[in-house]
Q: 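After the structure tokens below, expect a handful of questions from me.
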Number of protein chains: 2
Amino acid sequence: MENDLFGICPFVTTQKILTGKWTLLIMHCLSERTLRFNELQRTLPSLTSTTLTKQLRMLEDHGLIIRTVYNQIPPRVEYSLSDLGKNFKPVLDELEIWGNQYIEFLKNKNQISDQTNDDTNKNEMTSF
Amino acid sequence: MENDLFGICPFVTTQKILTGKWTLLIMHCLSERTLRFNELQRTLPSLTSTTLTKQLRMLEDHGLIIRTVYNQIPPRVEYSLSDLGKNFKPVLDELEIWGNQYIEFLKNKNQISDQTNDDTNKNEMTSF
DNA sequence: CTGCATCCCGCTCGATACTG
DNA sequence: CAGTATCGAGCGGGATGCAG
């Protein structure tokens, strides 16, 4: 296999699962409650159905979420966490705590750099 | 901005930080002790210096690790976690727990689908 | 409403070769 | 020992358009 440590090292394995720009956010949303496709879409701004579908399929293939289809008109599809997905909750909690810490860190950093560097120049080279 | 929620949503922000195929593993290694460049390289199999350097630079730029250079011949560079990086430890711990759960899940899945195939490669590795 | 098919762009990974 | 320079392949994200 291309990824020698997948299925062996817990960190490499998890990292592989978490590839996908929106996986954490999706997992967080579904950890609160079951959601329909367009509920997810409304919750996650700037995320097209194409991308959302792909990410959901990936998580489903990996066994983290469950896709339930109701045969109705109009269609109704619900996404919820599997047991494996529910066990992921502690990770999400710690991730959220640390993420907020990091955001605070960023704010301080920007305050410092904004004092010295007020002119974020964007001059396009007009000629020469 | 290309990433509207970076610096706002803790999950999106963290996900962005964690891009990089080896970030979690590197963070785990450094969470145990300070390491030199080639120690990391020896610890992490199949990882060229090019890639390792890039990932380390990324983590350094994001403020998670600290790079200390000793002016010596031969050169000596040590990598350690910053305070921000040390605060990441709880995430790593939960990640490791869940990752091992997931590995167990994979084994069961493979047992079902690989009833005819007996894989001889079943070494237990806690990490790397 | 919940997708799939297609195409394109950018970016990351990694191989290889070279350096102080 | 600890990198840098360069280059290429591959893959994921997203825009667009269509479908049941």
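Note that the coordinates shown come from a computational prediction; the quantities given were computed from them, not determined experimentally. Sequence lines set the chain letters: A, B, ... in the order given, protein chains first and strands last, and positions in each chain run from 1.
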Q: I want to confirm an ordering. Mapping A:Gly20 and B:Phe37 to their closest nucleotides on DNA chain D, which one lands closer to the 5' end?
A: B:Phe37
Q: With respect to the side chain of A:Asn38, which nucleotide from C:dC1, D:dG3, C:dG3 is positioned closest?
A: C:dC1
Q: Taking atom C1' of D:dA2 as reference, at what distance in whole Å does atom CD1 of B:Ile65 sit?
A: 14 Å
Q: Measure the shortest side-chain to side-chain distance between B:Thr34 and B:Leu81 over non-hydrogen atoms and say whether it is less than 4.5 angstrom.
A: no
Q: Is any side-chain N of the basic residue among B:Asp93 and B:Lys89 closer than 4.0 Å to the acidic one's carboxylate O?
A: yes
Q: Distance check needed: C:dA15 C1' versus B:Leu47 CG, whole Å only.
A: 13 Å
Q: Using whole Å, report how far CG of A:Asn71 lies from P of D:dG20.
A: 16 Å
Q: Just how far, in rounded Å, is P of D:dG3 from CG of B:Leu52?
A: 8 Å
Q: Across the strands shown, which category fits B:Glu39 at heavy-atom distances under 4.0 angstrom: base, sugar-phosphate, nothing?
A: nothing
Q: Under 4.0 angstrom, heavy atoms only, what part of the nucleic acid is B:Tyr79 near: base, sugar-phosphate, or nothing?
A: sugar-phosphate
Q: Could you give the CG-to-P distance, from B:Leu56 to C:dG14, as a whole number of Å?
A: 14 Å
Q: How close or far is atom C1' of D:dG12 from atom CD1 of A:Ile17, stated in whole angstroms?
A: 16 Å
Q: Check this one for me: any side-chain N or O of B:Arg57 less than 4.0 Å away from OP1 or OP2 of D:dG3?
A: yes
Q: Looking for any heavy atom pair under 4.0 Å, which part of the strands does A:Thr51 touch: base, sugar-phosphate only, or nothing?
A: base
Q: If we ignore angles and hydrogens, is there a donor and acceptor under 3.5 Å between the side chains of A:Thr23 and A:Gln55?
A: no
Q: Regarding A:Gln41, tell me which of base, sugar-phosphate or nothing describes its non-hydrogen contacts under 4.0 Å with the strands shown.
A: nothing
Q: Distance criterion of 3.5 Å, no angle test: do you see the side chain of B:Lys54 paired donor-to-acceptor with the base of D:dG3?
A: no
Q: For D:dG14, does OP1 or OP2 lie under 4.0 Å from any side-chain N or O of A:Trp22?
A: yes
Q: Is there a donor and acceptor pair closer than 3.5 Å between the side chain of A:Thr50 and the base of D:dT16?
A: yes
Q: Please give, in whole Å, the distance from C:dT2 P to A:Leu40 CG?
A: 10 Å
Q: Donor-acceptor pair, distance only, cut-off 3.5 Å: does the side chain of B:Ser82 make one with the backbone of B:Leu64?
A: yes
Q: Check the phosphate of D:dA2 against B:Arg76, side-chain N and O only, distance under 4.0 Å to OP1 or OP2. Yes or no?
A: no
Q: Nearest to the A:Lys21 side chain among D:dG13, C:dT2, D:dT4, which nucleotide is it?
A: D:dG13
Q: Of the listed nucleotides (D:dG14, D:dC1, C:dC13), which one gets closest to any side-chain atom of B:Pro74?
A: D:dC1
Q: Look at B:Glu39 together with B:Arg36 and state whether they make a salt bridge at an N to O cut-off of under 4.0 Å.
A: no
Q: If I take atom CE in residue B:Met58 and atom C1' in nucleotide C:dC11, what distance separates them, rounded to the nearest angstrom?
A: 12 Å
Q: Side chain of B:Pro75, heavy atoms from C-beta onward: which of D:dT4, D:dC1, C:dT2 has the nearest atom to it?
A: D:dC1
Q: Please name the residue in the list A:Tyr102, A:Phe105, A:Trp98 that meets the ring-ring contact (aromatic ring centres under 6.0 Å, His included) test with B:Phe88.
A: A:Trp98
